[in-house]
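Each chain gets a letter, A, B and so on, in the order its sequence line appears, and its residues count up from 1. These figures come from a predicted structure and were not determined experimentally.
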There are 2 protein chains.
Amino acid sequence: MDKQYLTQQLMQFFDQYQANINWDLYQTDIQVHMLNKGDCLLRQGERSANMFFLCSGLVRYYSVSESGKEYTQTIAKSPRLVGSTRALTLSQPALFSIEALHASTAISFPWQPFYQQMSQDLAFTQAYAMFLESIFIHKEQKEHAMVKHSATQRYLDFCRDFPELKDTLPQQQIASYIGITPIALSRIRTQLKTDQR
Amino acid sequence: MDKQYLTQQLMQFFDQYQANINWDLYQTDIQVHMLNKGDCLLRQGERSANMFFLCSGLVRYYSVSESGKEYTQTIAKSPRLVGSTRALTLSQPALFSIEALHASTAISFPWQPFYQQMSQDLAFTQAYAMFLESIFIHKEQKEHAMVKHSATQRYLDFCRDFPELKDTLPQQQIASYIGITPIALSRIRTQLKTDQR
DNA sequence: GGGCGTAATTAACCTAGGTTTAGAGAAGGA
DNA sequence: TCCTTCTCTAAACCTAGGTTAATTACGCCC
């Protein structure tokens with residue numbers, strides 16, 4: 001798709017924070033990613049120096065443990081920055097993969113020079129702090145739910161938070177988001193159905 | 001204890017970030033808190049406009065669910081800022097209490113005017129973003145451990161991360177940090193002892 | 001020393017959720 | 001049309017950790 005057009009979206013996204021960015025510096029490094037369902041932007045264990053901007057579509061962050069179990073940490077909707085803050089700031093391999101849940105479009109740009117330039121811009125740094133605050137708060141709520149709520153409650157929470165996904169996303173992935181096996185989720189769903197009557 | 005002296009520590013803490021702060025504005029609002037073991041700086045459900053700086057000692061962040069179960073989210077050592085970013089930025093009641101694990105000293109100051117002034121200071125905003133990044137990374141690792149590791153593994157992780165606490169902290173609180181009951185922890189400990197032989 | 005409150009252990013029992021295996025639909029491809 | 005593959009459901013069984021309750025151990029105050 002049109003790189004010009006997508007870059008436009010990225011610029012608009014940052015405009016809302018009144019950050020003063022010289023995009024010309026990155027023109028040559030910006031890459032367009034057309035994703036089909038199941039394609040990955042970033043793979044667990046990979047080192048990447050890029051941040052991504054999700055222009056359209058939907059992705060999930062998931063990780064796989066040594067024992068082969070999959071856990072979906074986050075589901076992110078466009079428009080949004082996506083990427084591993086941790087991997088970029090500590091320059092370590094990513095702890096999770098980022099996978100498209102539908103067809104999606106994203107662009108990538110190199111984080112270091114961008115962050116270098118941006119950390120001189122107060123408006124941007126403020127916006128970045130706000131971004132971190134918001135994902136932090138989300139993470140805190142998810143930790144809370146994982147520890148304090150039963151699987152059934154977490155499923156109901158998921159249905160409340162993502163009403164548009166509860167019927168379109170495969171149940172395996174819903175199960176992986178709430179931290180249980182698809183089999184347990186199936187049990188919970190039939191249990192809920194019989195309770196309703 | 002000497003307010004002057006503790007305030008000095010707070011200023012030194014921010015000096016390391018080269019933030020340019022006019023402390024005179026807050027002199028009258030700064031309060032000193034001398035904490036005994038078990039005293040709380042902040043109580044779950046309370047609204048507070050203050051941020052705290054832990055000058056000496058050790059605190060834990062814990063929350064109690066409706067069903068009366070306690071969960072320790074974080075253990076924080078001095079010197080450090082402590083408080084609920086979430087409660088302050090959204091001006092909502094705190095989701096957790098902050099309790100001293102030993103005798104500790106802290107000072108409090110009003111967050112809003114401070115943050116207002118500080119968000120004009122690039123060095124401070126950068127430092128704040130780094131602070132958020134660091135607690136975010138910690139939270140991500142804890143979420144990961146809670147989901148992927150067994151209670152036994154989480155106990156071993158705790159012993160690795162807090163070697164100085166594993167014998168001094170009451171087992172109830174260790175259990176609450178790793179998200180199990182004290183009874184389960186006792187079982188795990190005897191299990192580990194017999195395994196060693 | 002004797003009582004008392006708190007913390008830690010132990011054992012018996014229970015339950016949520018994992019594991020394994022099998023089968024039922026739906027969807028595509030030759 | 002049949003065959004394959006993928007997703008979901010169902011049932012039998014297992015296990016980690018929760019629950020309850022009784023027992024012991026360790027201060028601490030009188």
Side-chain angles (χ1 to χ4, degrees), chain A residues 36-39 60 62-72 99-102 143 145-159 165-197, chain B residues 36-39 60 62-72 99-103 142-143 145-159 165-197:
Chain A
N36 293 317
K37 178 171 165 179
D39 289 351
R60 69 180 180 123
Y62 74 98
S63 57
V64 181
S65 66
E66 319 77 56
S67 50
K69 259 169 277 169
E70 195 179 298
Y71 173 60
T72 297
E99 182 199 65
L101 293 175
H102 318 144
E143 181 194 7
M146 291 302 290
V147 175
K148 296 269 182 70
H149 294 171
S150 67
T152 306
Q153 187 56 53
R154 268 149 34 214
Y155 175 63
L156 294 172
D157 290 350
F158 173 85
C159 295
L165 292 183
K166 83 182 198 353
D167 296 316
T168 60
L169 217 55
Q171 283 183 38
Q172 306 179 22
Q173 294 186 1
I174 300 179
S176 143
Y177 183 77
I178 61 183
I180 58 176
T181 59
I183 293 151
L185 178 56
S186 175
R187 257 191 309 237
I188 287 171
R189 283 162 51 92
T190 60
Q191 185 57 42
L192 286 173
K193 265 178 242 151
T194 60
D195 284 0
Q196 275 177 2
R197 298 204 200 98
Chain B
N36 294 317
K37 181 174 165 177
D39 290 351
R60 69 181 181 123
Y62 74 97
S63 57
V64 180
S65 67
E66 320 75 57
S67 50
K69 258 169 278 171
E70 195 179 297
Y71 174 61
T72 297
E99 182 198 65
L101 293 175
H102 318 143
K142 198 167 180 204
E143 181 193 6
M146 290 302 289
V147 175
K148 296 269 182 71
H149 294 170
S150 67
T152 306
Q153 187 57 53
R154 267 144 42 211
Y155 175 62
L156 294 172
D157 290 350
F158 173 84
C159 294
L165 292 182
K166 84 182 200 347
D167 296 314
T168 61
L169 217 56
Q171 282 184 38
Q172 306 181 23
Q173 294 187 0
I174 299 179
S176 143
Y177 183 77
I178 63 184
I180 59 175
T181 58
I183 294 150
L185 178 56
S186 174
R187 258 191 308 236
I188 286 170
R189 283 161 51 91
T190 60
Q191 185 57 43
L192 286 174
K193 265 179 242 152
T194 61
D195 284 1
Q196 275 178 1
R197 300 201 198 101

Strand contacts (DNA chain D) in residues 165-178 of chain B, 4.0 angstrom heavy-atom criterion: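 When residues 165-178 of chain B is checked for heavy atoms under 4.0 Å from DNA chain D, there are no hits whatsoever.
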Atom-pair distance (CD on A/Gln191; C1' on D/dA11), nearest Å: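 Atom-to-atom, A/Gln191 to D/dA11, this comes out as 15 Å.
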Interatomic distance where OH belongs to A/Tyr71 and P belongs to C/dG18 [whole Å]: 13 Å
How far does [atom1] of [X] sit from [atom2] of [Y], to the nearest 0.5 angstrom?
| X | Y | atom1 | atom2 | value |
| --- | --- | --- | --- | --- |
| B/Lys142 | B/Thr72 | NZ | OG1 | 7.0 Å |
| B/Leu156 | B/Ser150 | CG | OG | 8.0 Å |
| A/Ile183 | A/Gln172 | CD1 | CD | 10.0 Å |

Do [X] and [Y] have side-chain heavy atoms sitting under 4.5 Å apart?
| X | Y | result |
| --- | --- | --- |
| B/Tyr177 | B/Leu165 | no |
| B/Arg60 | B/Leu169 | no |
| A/Asp157 | A/Ile178 | no |
| B/His149 | B/Tyr155 | no |
| A/Met146 | B/Val147 | yes |

Below 3.5 Å is the cut-off: list the nitrogen or oxygen pairs between protein and nucleotides 12-20 of chain D, distance only.
unit_1 : atom_1 : unit_2   : atom_2 : d
D/dG17 : OP1    : B/Ala151 : N      : 2.8
D/dG18 : OP2    : B/Thr181 : N      : 3.2
D/dG18 : OP2    : B/Thr181 : OG1    : 3.1
D/dG18 : N7     : B/Arg187 : NH2    : 2.7
D/dG18 : O6     : B/Arg187 : NH1    : 2.8

